[in-house]
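For reference, the structure is listed below as structure tokens.
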Amino acid sequence: MTPQDLSIAFFAQLALILLACRVFGWIGKRFLGQPQVVGEMIAGVCLGPSLFGLLAPELQSMIFPKESKPILFVGAQLAVGLYMFIVGLTFDTSHFVSRAKSAAAVSISGIAVPFVCAFLITPWLLQTPGLFHDRLATWEAQLFMGACIAITAFPMLARIIHEKGLSKSPLGTLALSAGAIDDAGAWCVLAIVLASFGGGPMVAIVAIGGAFAFAIFMALFGRKLTAPLAKMMERDGGISEISLAYVLIAFALCAFAMDIVGIHAVFGGFVLGAVMPKGKFSETLREKLEPVTAVMLLPLFFTYSGLHTQLTLVNTWHLLFIAAVILVISIAAKGLACYAAARATGEDNRTAMGIGALMNARGLMELIILNIGLQRGIIEPALFSIMVVMAIVTTLMAGPLFELVYGRHARATGLLPAADSRS
């Protein structure tokens, strides 16, 4: 395809992607009570070979030609990098202070039990061809599966908590704190897998050492280096174009740094956002970047994921059984572990069940990990498809399950205002 052909294809793709995401997002909110982003996750899968490609393969291949996928890939990387930067802007360490003991117990349990389950089932999964890369070591596969099962979608969790009216409640604080710790642990494990699955020990040393040095540098100097941007905003009465340009340059450099050492751009984006000055500066910056990122860029990522999700590959009873086992283990390991930890630290039964329900939301973070695994050749398309289904199901069930075990009772007894049930 010529550059002109690629340009034509891209704008046709963009129009279809945005339309599909709006329609599926509206359906999810109107009939299922789900956040917009959940509908967009499903829209991405439907635009791929699992539905659109199955019903109209020629039309699907014409709109999404193979040659255009690299463009979508770059757009998807920009999307998740900027999204994680925005998540970093909202990262508030004060959540850890008030419920540190319970949060630590819930998060450690929510990581440890899924990892134990992953270590137990992964040798069985490795016996099935076409799930993992042939040269992947057992321990690498176990760590990757552990990260996939253990992760909680911190941004999705924050959105659900806000919509349910839990932002200032003890349960909301506990869930956010535990979710943040969970995500940090899962990303650290993923970094180890990415570093080890390379071209020898030097690649691992460069990746892990580079990521560690970057994190230390940003922790020590990031706030000081970005503080002048906040002062410029105060002086100008808002974020000027030049201030926004400096922020985006810093984001691009951080994403570049993490990509070039062999980790991933999302690490750079998140760390930069986390060290940015908080308060009015971060809130204003988020207001500038979030609409374009959420409305236009993130759908590119969901669609790129959907184009690699081939549910038709799960076409045998054995693979269907594997998908069911992974789904059940993922839900049970995460939910029951977090429930038990919350009870052990003094939470009442309903609150503990609410924590277990919320912590099972995997959402966008799961898709990011899966795409990294597929991109780096750690997993094959069949396992990718199975895990995408798990991510969607666990995200879909989080809100309704929470309402069932905690929300309705809390509203009936006045613990939560009844008006929040309409959000």
Side-chain angles (χ1 to χ4, degrees), residues 37-38 40-46 48-51 76 80 110-111 113-115 117-133 136 138 140-154 156 182-183 186-187 189-190 193-194 197 264 266 301-316 318-335 359-398:
V37 69
V38 176
E40 293 176 358
M41 289 172 59
I42 298 173
V45 173
C46 291
S50 298
L51 183 62
V80 293
I111 292 174
V113 175
F115 265 93
C117 293
F119 269 67
L120 292 175
I121 68 168
T122 301
W124 170 60
L125 296 177
L126 287 168
Q127 296 175 11
T128 302
L131 296 182
F132 293 96
H133 193 284
L136 192 69
T138 299
E140 292 171 329
Q142 289 172 320
L143 285 179
F144 183 82
M145 284 298 296
C148 289
I149 295 176
I151 199 165
T152 293
F154 181 77
M156 182 70 71
D182 264 16
D183 272 13
W187 283 118
V189 171
L190 179 62
V193 175
L194 292 176
F197 192 69
H264 198 274
V266 296
F301 172 76
F302 292 131
T303 302
Y304 184 80
S305 299
L307 292 176
H308 291 86
T309 303
Q310 303 177 54
L311 298 181
T312 52
L313 293 177
V314 190
N315 54 7
T316 66
H318 180 62
L319 289 176
L320 287 171
F321 179 68
I322 287 176
V325 169
I326 289 176
L327 178 61
V328 171
I329 287 179
S330 299
I331 294 172
K334 187 76 175 180
M359 294 292 287
N360 244 316
R362 288 173 174 86
L364 177 62
M365 308 301 290
E366 180 79 14
L367 292 186
I368 293 175
I369 284 185
L370 293 176
N371 273 275
I372 294 173
L374 186 66
Q375 173 199 344
R376 299 295 177 89
I378 296 172
I379 58 175
E380 299 293 338
L383 183 57
F384 178 85
S385 301
I386 290 171
M387 299 301 289
V388 166
V389 171
M390 183 271 283
I392 292 175
V393 171
T394 55
T395 305
L396 279 171
M397 63 178 282

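All residue numbers refer to positions in the sequence shown, counting from 1.
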Ala333 to Pro114 - nearest heavy-atom pair and separation | CB-CA, 4.0 Å

Identify, with sequence neighbours excluded, every residue that meets salt bridge (charged side-chain N to carboxylate O under 4.0 Å, His left out) alongside Glu366.
-> none

Which residues satisfy the side-chain hydrogen bond (donor to acceptor under 3.5 Å, both in side chains) test with Thr128, sequence neighbours excluded?
-> His318

Rounded to the nearest 0.5 angstrom, the CD1-CZ distance for Ile149 and Phe115 is 9.0 Å

Please tell me if the side chains of Leu370 and His308 come closer than 4.5 Å, counting only heavy atoms from C-beta onward.
-> no

Side-chain heavy-atom pair Leu313, Phe384 within 4.5 angstrom cut-off | no

Full working for side chain to side chain contact (heavy atoms under 4.5 Å, CB included) between Ile369 and Met387 = CA-CA 10 Å; Ile369 284 185; Met387 299 301 289; over 6 Å; no

Is there a donor-acceptor pair under 3.5 Å between the side chain of Ser50 and the backbone N or O of Val45?
-> no

Identify the heavy atoms of Asn360 and Ser330 that sit nearest to each other, and give their distance.
-> OD1-O, 3.6 Å

Between Ser385 and Gln310, the two heavy atoms sitting closest are OG-N, 2.8 Å

At what distance, to the nearest 0.5 angstrom, does CG of Leu367 lie from CG of Leu374?
-> 12.0 Å

Search all heavy atoms of Arg362 against all heavy atoms of Thr395 and return the closest pair with its distance.
-> N-OG1, 3.5 Å

Non-hydrogen side-chain atoms of Leu327 and Met390 separated by less than 4.5 Å = yes

Heavy-atom pair of closest approach, residues Leu131 and Ala382 | CD2-CB, 4.1 Å

Can you tell if the side chain of Thr122 reaches within under 4.5 Å of the side chain of Phe144, non-hydrogen atoms only?
-> no

What residues, two or more places apart in sequence or in another chain, satisfy side-chain hydrogen bond (donor to acceptor under 3.5 Å, both in side chains) together with Ser305?
-> Asn371

Is any side-chain heavy atom of Leu383 less than 4.5 Å from a side-chain heavy atom of Ile326?
-> yes

Give the minimum heavy-atom separation between Cys46 and Leu51, together with the two atoms involved.
-> O-CB, 3.4 Å

Heavy-atom check, side chain of Leu320 versus side chain of Val314, under 4.5 Å = yes

Would a 4.5 Å heavy-atom cut-off, applied to side chains only, mark Met145 and Phe132 as touching?
-> yes

To the nearest 0.5 Å, how far apart are CD1 in Ile379 and SG in Cys148?
-> 6.5 Å

Would a 4.5 Å heavy-atom cut-off, applied to side chains only, mark Ile322 and Leu125 as touching?
-> yes

Any sub-3.5 Å donor-acceptor pair from Gln142's side-chain atoms to Phe119's backbone N or O?
-> yes

